Amino acid sequence: MSVEVYYDDDADLGLIQAKKVAVIGYGSQGHAHALSLRDSGVDVVIGLPEGSKSRPKAEEQGLRVLTPAEAAAEADVIMILAPDTAQRHIYAESIAPNLGAGKALFFGHGFNIRYGLIKPPADVDVAMVAPKGPGHLVRRQYVDGKGVPCLVAVEQDASGGALALALSYAKGIGGTRAGAIKTTFTEETETDLFGEQAVLCGGAAALVQTGFEVLTEAGYAPEVAYFECLHELKLIVDLMYEGGIARMRYSVSDTAEYGDLSRGPRVIDGRVKEEMRKILGEIQNGEFAREWVAEDEAGRPNFSKWQAEGAAHPIEETGAKLRGMMSWVDRPITETA
Ligand SMILES: NC(=O)C1=CN([C@@H]2O[C@H](COP(=O)(O)OP(=O)(O)OC[C@H]3O[C@@H](n4cnc5c(N)ncnc54)[C@H](OP(=O)(O)O)[C@@H]3O)[C@@H](O)[C@H]2O)C=CC1
Ligand SMILES: CC[C@](O)(C(C)=O)C(=O)O
Ligand SMILES: [Mg+2]
Ligand SMILES: [Mg+2]
């Protein structure tokens, strides 16, 4: 199945420059979109509740901050970049009363549309510009003249120009420098959730922690285990990022490559693949979404417990000590890039 990929030359920045954009939320993605759109010549206003701790951060960057309702009322394009679990409440209270024909509602991830938590009226454009990377790197890459690839999708095209507007927005945050792939809200939501659960966040973190545990429980030094299982992973993944798995295999020793080819499939075996399929099934049938919404409504008891357990894992203490000796590694995340 071939996909359509759009680059800078396929997108007209003038379309988004002609609109007023409200970015609701000023966290990981919100600050990146707002600052990069502003630097791309777009009129941006931020929507945050009174008392939000993000307000001073946005104001320090010279951005105008209103309440979400005021920002939505002023804007032609409303991009919701608040947490997925908060979006339906923000939409009901602040955005829906300020939507009208000719406006566009944008998302950075399709969760609320895919699972029917937000149902916009038929007379507005509904589109998505979803960067395939963490917000702080979206901003850092934009500033460095690079870009993080995006997925773009149109759920409702009331104006007839929703895709062109989404591509224009993607250009404004650097996405079309790397490539914007046209997809659907369903494909973005399901693949994004699968990727972060099974591979990028859940799978990778569990792999690293388990490798560290196996080595330290066998009596090896935590520092050696940290360098082996976490620090070097970035260097190995950098080679994959630059030239695929083949380039990583070209660069490592034959001994490593033989170990990779012969032992890798024993670690990530048929049982792991079957579990990945189950996880995908829970995403597709809505079970994960229902569980996550209920967990959030209950005050996130499991989330908080697991978060604390992760922070207390011995790999964190070892890593903090070692990273403290490498000033170039411990690069703080900022809201300005
Ligand atoms: N994190 C990422 O890199 C990626 C995220 N996405 C998607 O982008 C969207 C935003 O995620 P992310 O950037 O992680 O979110 P964050 O958790 O980083 O952002 C939270 C921001 O939203 C604000 N906020 C919280 N509640 C409200 C409210 N009721 N009204 C207005 N603002 C509110 C917070 O303010 P305060 O400081 O007061 O709490 C903060 O500024 C999600 O849809 C996510 O799936 C997509 C790709 C990658
Ligand atoms: C991988 C996690 C992510 O999907 C992302 C940075 O792309 C997210 O939701 O934060
Ligand atoms: Mg993602
Ligand atoms: Mg995600």
Side-chain angles (χ1 to χ4, degrees), residues 22-36 45-61 63 65-72 75 78-96 98 105-115 117-118 126-142 147-153 169-170 173-175 180-181 183 185 187-204 279 283 288-289 292-293 296 300 303 307 333-335 337:
V23 173
I24 310 297
Y26 195 76
S28 182
Q29 288 293 325
H31 89 282
H33 293 222
L35 293 174
S36 300
V45 63
I46 309 299
L48 287 166
E50 307 279 4
S52 158
K53 49 189 191 310
S54 297
R55 277 190 163 235
K57 295 182 193 168
E59 282 162 354
E60 274 163 28
Q61 293 308 311
L63 292 161
V65 183
L66 303 175
T67 64
E70 288 165 347
I78 302 156
M79 168 56 106
I80 312 186
L81 292 172
D84 294 306
T85 46
Q87 290 184 9
R88 66 190 190 285
H89 304 298
I90 300 169
Y91 175 79
E93 285 155 28
S94 305
I95 297 177
N98 293 298
L105 183 62
F106 275 29
F107 292 85
H109 175 45
F111 191 92
N112 280 271
I113 293 290
R114 163 65 180 83
Y115 295 112
L117 302 169
I118 291 178
V126 179
M128 174 169 57
V129 179
K132 291 287 89 188
H136 296 93
L137 301 191
V138 171
R139 176 59 180 160
R140 195 185 287 173
Q141 295 232 349
Y142 175 89
V148 168
C150 288
L151 299 188
V152 293
Y169 184 109
I173 62 169
I181 295 180
T183 182
F185 272 63
E187 185 175 57
E188 185 278 337
T189 304
E190 295 177 3
T191 54
D192 188 78
L193 293 176
F194 176 79
E196 65 201 23
Q197 292 175 21
V199 181
L200 303 172
C201 306
I279 286 168
I283 292 165
F288 171 76
W292 174 219
V293 168
D296 182 68
R300 303 187 173 198
F303 183 91
Q307 204 176 39
I333 276 182
T334 72
E335 266 62 51

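Computed from a prediction, not measured in an experiment: that's the story for all the values here. Basis for what follows: all heavy atoms, side chains included, without hydrogens, waters or symmetry-related copies. Start at 1 and go down the list; that is how both ligands and their atoms are numbered.
Within the 3.5 Å criterion, the main-chain N or O of A86 finds no donor-acceptor partner in the side chain of H89.
Looking only at N/O/S atoms, E196 comes nearest to the Mg ion (ligand 4) through OE1.
V148 approaches V138 most closely through the heavy-atom pair CG2-CA, 3.8 Å. Taking both residues in full, the closest heavy atoms of G110 and M128 are given as N-SD, 3.5 Å, listed atom of the first, atom of the second, then distance. Looking at every heavy atom in both residues, C150 comes nearest to G175 through SG-CA, 3.7 Å. Of all non-hydrogen atoms in L35 and Q61, the two that sit nearest each other are CD2-CB, 3.7 Å.
Distances below 4.0 Å separate heavy atoms of G135 from the following atoms of ligand 1: 2 (C), 3 (O). Every atom of ligand 1 is numbered from 1 in the order shown, and the set under 4.0 Å from a heavy atom of L81 is 8 (O), 9 (C), 10 (C). Set against the non-hydrogen atoms of Q87, the atoms of ligand 1 under 4.0 Å away are 42 (C), 43 (O). Of all the atoms in ligand 1, the ones that sit under 4.0 Å from a non-hydrogen atom of H109 are 7 (C), 43 (O), 45 (O). Set against the non-hydrogen atoms of G133, the atoms of ligand 1 under 4.0 Å away are 3 (O), 48 (C). Which parts of ligand 1 touch S52 is read off a 4.0 Å heavy-atom cut-off, strictly below it: atoms 35 (O), 36 (P), 37 (O), 38 (O). For ligand 1, the atoms closer than 4.0 angstrom to any heavy atom of P134 are 3 (O).
Side-chain contact between L81 and I24 is absent, with no heavy atoms from C-beta onward closer than 4.5 Å. At a threshold of 4.5 Å between non-hydrogen side-chain atoms, the residues P131 and Q29 count as touching.
The line from NE2 of H109 to CG of D192 is 5.0 Å long, rounded to the nearest 0.5 Å. Distance CH2/W292 to CZ/F303: 5.0 Å, rounded to 0.5 Å. How far CD1 of I46 is from CZ of R55: 10.5 Å, rounded to the nearest 0.5 Å. The distance from the CG atom of N112 to the CZ atom of F107 is 6.0 Å, given to the nearest 0.5 Å. Atoms CG and CG, from L105 and N98 in turn, are 12.0 Å apart once rounded to the nearest 0.5 Å. In this structure, CZ on F194 lies 13.0 Å from CZ on F288, to the nearest 0.5 angstrom.
For atom 19 (O) of ligand 1, the closest heavy atom belonging to the protein is G27 CA, 3.4 Å. Ranking the protein heavy atoms by distance from atom 33 (C) of ligand 1 puts A82 CB, 3.9 Å first. In terms of protein heavy-atom proximity, atom 39 (O) of ligand 1 is nearest to K53 NZ, 3.2 Å. Looking at atom 25 (C) of ligand 1, its nearest protein heavy atom turns out to be P83 CD, 3.7 Å. Of the protein's non-hydrogen atoms, the one nearest atom 18 (O) of ligand 1 is S28 N, 2.9 Å. When hydrogens are left out, the protein atom nearest atom 5 (C) of ligand 1 is Q29 CG, 3.3 Å; that is the closest non-hydrogen contact. Closest to atom 31 (C) of ligand 1 among all protein heavy atoms lies P49 CD, 3.4 Å.
Among G108, G30, G47, the residue whose heavy atom lies nearest to atom 46 (C) of ligand 1 is G108. Residue nearest to atom 43 (O) of ligand 1, selected from D84, V23, V148, I95: D84 (by heavy-atom distance).
Of the polar atoms of I90, none of the N or O atoms is found under 3.5 Å from an N or O of ligand 1, judged by distance alone. Below 3.5 Å of separation, one finds an N or O of S54 facing an N or O of ligand 1.
Contacts between P131 and ligand 1 below 4.0 angstrom, taking non-hydrogen atoms only, involve the backbone exclusively. Contacts with ligand 1 closer than 4.0 Å are made by no heavy atom of H136, backbone or side chain.
For residue D192, an N/O/S atom approaches the Mg ion (ligand 3) to within less than 2.8 Å.
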